[in-house]
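Notes to accompany the following structure.
Naming convention: chains lettered A, B, ... in sequence-line order (proteins, then strands); numbering from 1 in each chain. As a basis for the values below, the full set of heavy atoms in this structure was taken, side chains included, without hydrogen atoms, waters or symmetry mates. This structure is a prediction, so every number in the text was calculated from the model and none was measured.
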Amino acid sequence: MPSIRPMSIWTYANPKRFMQASGWLLPYATVAAAACVLTGLVWGFFFTPDDYKQGSTVKIIFLHVPSALMAINVWLMMLVTSLIWLIRRHHVSALAAKAAAPIGVTMTLIALATGAIWGQPMWGTYWAWDPRLTSFLILFLFYLGYMALWAAIEDQDTAADLTSVLCLVGSVFALLSRYAVNFWNQGLHQGTSVPVATGNRTVDDTFFVPLAISMIGFGLLFVALVLLRIRTEIRARRLGALLARERRLADRPASAPTPASRSTHA
Amino acid sequence: MLEFWPDLGKYAGAVTSAYVVSLILLFGLILQSWVAGRKVKRELDRAERRVGTK
């Protein structure tokens, strides 16, 4: 097993180093994520009582809050890696943003779906044009646009540049969806139940403990999935380079000197 | 097994569908990530063997 010594974060901008470190970390992250997500969801679904107001719909919180949290945080992670790409031109950071987007869009979709399912019995409607809900929907559309832009542009560096700019713009909605309730004192959506900064949570311990485990689990699941997907992106890029090299060699006329023979003549 | 199933009362449909939809999406994401990773790794291994870098 390769040992991982503490090094500068920029060391991992080297794809080879990243593959080495992520290959070591991935199994641990996967096991930890599976353990936390399963514990949080099984505890939340099977072993928590009904809420006196919400009844059994309170069990949806164990999916809705962690997925909404990750939907915003994944975009903020993409913002950081996009800025690193724009400033330092590290390919791994651009690929990290690209790899994170499908995870973010899934988390946003889960948050929107579970919110709508919870909203029908509690608010009497699946959807309202509430500031937080609307900014979340826009964030979802930004995720789709971001992924479509990556897919539409063949040159990977150009795609990384343009998607990074889109990510900067979309960050406004990621932050807006987080703080919309504070900005506009209107709408149906309540404020944050678990404010990390103040610690004044409104959730009872009976629900908070499995919720916290589920939130940690979703965070670890993101780490495991993003590592797996970045590794795939790095391999896909290397595969693309090898195939392009093969095509160049195949297109070369038979009489043309190969790089090896050219160096022999020199 | 059913003894452990919680009594969800009149919101059983909402709660169950929220879990079913979310788990389908999560498993779909995990499966897609894993399958795509395996496919690219296999193709890269094949290409590296072809060009002789492995």
Side-chain angles (χ1 to χ4, degrees), chain A residues 30 33-34 37 41-42 44-50 54-64 66-67 99 102-103 105-107 109-111 113-122 218 221 224-243 245-246 249, chain B:
Chain A
T30 306
V37 170
L41 294 185
V42 169
F45 187 83
F46 288 98
F47 303 109
T48 54
D50 288 359
Q54 303 176 48
S56 63
T57 60
V58 71
K59 293 176 193 291
I60 296 175
I61 197 177
F62 306 109
L63 288 163
H64 180 72
S67 57
I103 308 169
V105 80
T106 309
M107 294 295 173
L109 197 54
I110 291 174
T114 52
I117 292 168
W118 179 88
Q120 172 57 27
M122 291 300 112
F218 271 63
L221 180 65
L225 282 173
V226 84
L227 287 178
L228 175 65
R229 297 183 74 96
I230 297 171
R231 288 168 66 79
T232 303
E233 291 293 340
I234 290 172
R235 284 186 175 130
R237 185 164 282 206
R238 172 149 175 75
L239 176 64
L242 285 179
L243 293 177
R245 195 171 113 189
E246 274 189 315
L249 288 173
Chain B
M1 172 67 193
L2 285 175
E3 290 168 23
F4 292 101
W5 200 260
D7 178 17
L8 301 172
K10 61 179 175 176
Y11 302 124
V15 178
T16 311
S17 58
Y19 273 79
V20 168
V21 167
S22 302
L23 292 179
I24 287 172
L25 287 170
L26 279 180
F27 280 120
L29 174 69
I30 292 166
L31 193 68
Q32 189 274 333
S33 305
W34 187 71
V35 169
R38 297 275 298 175
K39 185 172 171 255
V40 170
K41 187 176 185 306
R42 209 170 35 240
E43 282 175 17
L44 179 61
D45 285 346
R46 210 177 296 146
E48 282 181 332
R49 269 197 301 274
R50 238 181 3 248
V51 298
T53 57
K54 199 168 191 179

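A donor-acceptor contact shorter than 3.5 Å is absent between the side chain of H64(A) and the backbone of T114(A). Between the side chain of T16(B) and the backbone N or O of G13(B), no donor-acceptor pair lies under 3.5 Å.
With a 4.5 Å cut-off on non-hydrogen atoms, L23(B) touches chain A through its side chain but not through its backbone. Of the atoms belonging to V21(B), it is side-chain heavy atoms, and not backbone ones, that fall under 4.5 Å from chain A. Looking at A113(A), only its side chain comes within 4.5 Å of chain B, counting heavy atoms on both sides. Heavy-atom distances place the side chain of L243(A), and not its backbone, under 4.5 Å from chain B. At a 4.5 Å heavy-atom cutoff, the contact between I110(A) and chain B is made by backbone and side-chain atoms alike.
A salt bridge is defined here as a Lys NZ or Arg NE, NH1 or NH2 lying under 4.0 Å from an Asp or Glu carboxylate O, and K41(B) with D45(B) meets this definition.
Ranked by heavy-atom pairs shorter than 4.5 Å toward chain B, the options T106(A), T57(A), D50(A), L63(A) are led by L63(A). Contact count versus chain B (heavy atoms, under 4.5 Å) is highest, among L41(A), I60(A), L221(A), for I60(A).
Closest non-hydrogen pair, Q54(A) versus M122(A), comes out as O-CE, 3.6 Å.
Judged as a ring-ring contact (aromatic ring centres under 6.0 Å, His included), and not counting sequence neighbours, the contacts of Y19(B) are F45(A). The side-chain contact (heavy atoms from CB on, under 4.5 Å) check on Q32(B) picks up R229(A), A36(B), with sequence neighbours excluded.
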